[in-house]
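Because the structure is a prediction, the values reported are computed rather than measured.
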2 protein chains.
Amino acid sequence: MSENVGRWLRDEIENAILSYEFAPGERLDETVLANRFGVSRTPVREALMQLDAIGLIEIRPRRGAIVIDPGPHRIYEMFEVMAELEGLAGSLAARRLDKASREAITATHSRCEQSAGAGDSDAYYYDNEEFHKAIYAASRSDFLEEQCAQLHRRLRPYRRLQLRVRNRLSTSFSEHCAIVDAIFAGNGDEARRLLRTHVGIQGERFSDLVASMAAR
Amino acid sequence: MSENVGRWLRDEIENAILSYEFAPGERLDETVLANRFGVSRTPVREALMQLDAIGLIEIRPRRGAIVIDPGPHRIYEMFEVMAELEGLAGSLAARRLDKASREAITATHSRCEQSAGAGDSDAYYYDNEEFHKAIYAASRSDFLEEQCAQLHRRLRPYRRLQLRVRNRLSTSFSEHCAIVDAIFAGNGDEARRLLRTHVGIQGERFSDLVASMAAR
DNA sequence: ATCGTCATTCTTGTATACACGAATGTTGAC
DNA sequence: GTCAACATTCGTGTATACAAGAATGACGAT
């Protein structure tokens, strides 16, 4: 239970949305939520406000809050932006790499290698996140790091779906290898290019995503 | 006065912060704000919550809200990300340009030409905004458009400072010309490259910015 | 004189009460 | 039977009251 009820509720409701417990399009009734969590409406409203700012729900004045349904097209757009930001992070990381960042990338990369080798999709999902976060941090740009982390978080559920696709694990890891090489070689342009294609969802990978979304 | 007091207050306080009426580092007392705007603390808290999510203030639990002081370095980082996003918008615009977007860009571009020719810095400041927004819209990516608009808004005060620098008006406009040419020619890579350097603040332009910030 | 401890005060965090607009169901007319 | 107007209900928006933690100042000890 976080420092105050409002933030705790924000996380709680956010998780519920990201895990599809609250379905896209569903209306979130303040009183119902307040009862469910055993608090008053005030912190519930604060939590909803924050979720609105993050973009997970939409608060229509006097008409309540509904869970936003991004839809395949918008998700594609979000990945498109994510790819661009990660590309920037990679190119900066290649230029500014220091010892600590290098070690962090190496560590998370080898953890990815283990889980990919073991074919453990869930473990890879987690290690992959850490790997990407290490690259954000290596960019040495706090603002970029924050933006990347925020968008990464919002795309989390779809990324998870992606990993389920056959062979994606080993493909993803070999792409990681090339990315690490480029960054460690100080080749910013190459790191940018590789990360862009690694993160972006083009062609059949997009159809795969849509298919797995439709499957739920 | 917007649809509800909370959002109105958000805009009101946001403007006060962006216009330096509330100085960076300053503490924002809920009761004081409530009295000042003649409302209760409830909508004030809602507004502060939203500003926290936007990143303009920081709410420290049980210790009140303070206006964030980005500092030159972080502002540089924000421009760096802005440059990247605008570059993406430009490259997408070049690929996806349709009649309506083409006309919107042409219209705003020629308005920039007028105000730049007249040496009217304030008018150019406004027309320039519209020009960039036209490019965001031309990208045909709603998410990217929103992200660009949000960051653009947050960088507004510093952009204004930049334009004060000698000769920046005509330099900016000639860069616009090249950008328009690249987009209309369908040359996405060129548009991206030009926008990145147009938006970014490298070298002496960064020192200029820091200098004008220190001058206040 | 300085530092630590305790009490007081002030501000934030949460709950509750009230007001107002939107949604909905009912009744009547065509 | 269908549609429209009105009344009622329900939920959001705002204000106020209360609780609890943090900042501040005074007092005492070293």
Side-chain angles (χ1 to χ4, degrees), chain A residues 1-18 20-70 150, chain B residues 1-18 20-70 150:
Chain A
M1 195 131 147
S2 186
E3 50 258 321
N4 62 10
V5 182
R7 301 195 181 195
W8 169 65
L9 275 175
R10 171 173 60 77
D11 295 341
E12 209 68 19
I13 299 174
E14 180 179 0
N15 287 334
I17 292 175
L18 293 183
Y20 297 102
E21 188 181 340
F22 296 140
E26 183 176 339
R27 172 125 175 262
L28 298 179
D29 186 293
E30 296 177 357
T31 309
V32 171
L33 288 172
N35 291 336
R36 163 168 176 165
F37 292 105
V39 297
S40 83
R41 275 179 52 223
T42 308
V44 170
R45 283 181 61 79
E46 294 189 344
L48 292 179
M49 217 120 252
Q50 295 178 59
L51 292 172
D52 178 79
I54 294 173
L56 273 176
I57 67 173
E58 183 188 348
I59 297 180
R60 303 158 303 174
R62 288 251 170 225
R63 297 182 56 223
I66 56 169
V67 179
I68 284 191
D69 179 10
Q150 195 177 322
Chain B
M1 195 131 144
S2 185
E3 51 258 322
N4 63 7
V5 182
R7 301 195 180 197
W8 169 67
L9 274 176
R10 169 173 61 80
D11 295 341
E12 210 68 19
I13 300 175
E14 179 179 359
N15 287 334
I17 292 174
L18 293 182
Y20 297 98
E21 189 182 339
F22 296 141
E26 183 176 340
R27 169 122 176 260
L28 298 178
D29 187 291
E30 296 177 358
T31 309
V32 171
L33 288 171
N35 290 336
R36 163 167 175 166
F37 292 106
V39 296
S40 82
R41 275 178 52 221
T42 308
V44 171
R45 284 180 60 80
E46 294 189 343
L48 292 181
M49 216 121 255
Q50 294 178 63
L51 293 173
D52 178 77
I54 294 173
L56 274 176
I57 68 174
E58 182 189 349
I59 297 180
R60 301 158 304 172
R62 289 256 170 220
R63 298 183 55 225
I66 57 167
V67 179
I68 284 191
D69 179 10
Q150 195 176 321

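- B/Phe37 has its CZ atom 15 Å from the P atom of D/dT14, to the nearest Å.
- Remark: P of C/dT14 and CG of A/Leu9 are 9 Å apart, rounded to the nearest angstrom.
- Spacing between atom CD1 of B/Ile66 and atom P of C/dT12 amounts to 13 Å, rounded to whole angstrom units.
- A straight line from CG of B/Asp29 to C1' of C/dT9 spans 14 Å, rounded to a whole angstrom.
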Readout for nucleotides 15-20 of chain C: B = base within 4.0 Å of protein heavy atom, S = sugar-phosphate only, - = neither; 5' to 3' it is BB---B
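- For A/Ala47 against A/Gly6, the heavy-atom pair with the smallest separation is CB-O, 3.7 Å.
- When the side-chain contact (heavy atoms from CB on, under 4.5 Å) test is applied to B/Asp29, the partners found at least two apart in sequence or on another chain are B/Thr31, B/Val32.
- Applying the salt bridge (charged side-chain N to carboxylate O under 4.0 Å, His left out) definition to pairs two or more places apart or across chains, those involving residues 33-46 of chain A are A/Glu21-A/Arg36, A/Glu30-A/Arg41, A/Glu30-A/Arg45, A/Arg45-B/Glu46, A/Glu46-B/Arg45.
- Note that the OG1 atom of B/Thr42 and the CG atom of B/Leu9 stand 11.0 Å from one another [nearest 0.5 Å].
- OP1 or OP2 of C/dG21 has not a single side-chain nitrogen or oxygen of A/Arg63 nearer than 4.0 Å.
- Distances shorter than 4.0 Å separate some side-chain N or O of B/Arg27 from OP1 or OP2 on C/dT12.
- In this structure, A/Leu28 CG and A/Ile13 CD1 are separated by 7.0 Å, a value rounded to the nearest 0.5 Å.
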Which side-chain N or O atoms in residues 50-68 of chain A pair as donor and acceptor under 3.5 Å with protein atoms at least two apart or in another chain?
residue : atom : partner : partner atom : Å
A/Gln50 : OE1  : A/Arg10 : NE           : 2.7
A/Asp52 : OD1  : A/Ile59 : N            : 3.0
A/Arg60 : NH2  : A/Arg63 : O            : 3.0

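- B/Asn35 places its CG atom 12 Å from the P atom of C/dT12, with the value rounded to the nearest Å.
- Rounding to whole angstrom units, CD1 of residue B/Ile59 and P of D/dG21 are separated by 19 Å.
- The stretch residues 33-67 of chain B participates, sequence neighbours left out, in these ring-ring contact (aromatic ring centres under 6.0 Å, His included) pairs: B/Trp8-B/Phe37.
- Across the protein-nucleic acid pair, A/Arg60 atom CZ and D/dG13 atom P stand 11 Å apart, rounded to whole Å.
- For the pair A/Pro43 and A/Val5, the tightest heavy-atom approach, listed with the atom from each and the gap, is CB-CG1, 4.0 Å.
- Between the CG atom of B/Asn4 and the P atom of C/dG21 there is a distance of 13 Å, given to the nearest Å.
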When Watson-Crick pairs (N1 to N3 and N6-O4 or O6-N4) and G-U wobble pairs (N1-O2 and O6-N3) count only below 3.5 Å on both distances, what is the dot-bracket string of DNA chain D, with | for other-strand pairs?
-> ||||||||||||||||||||||||||||||
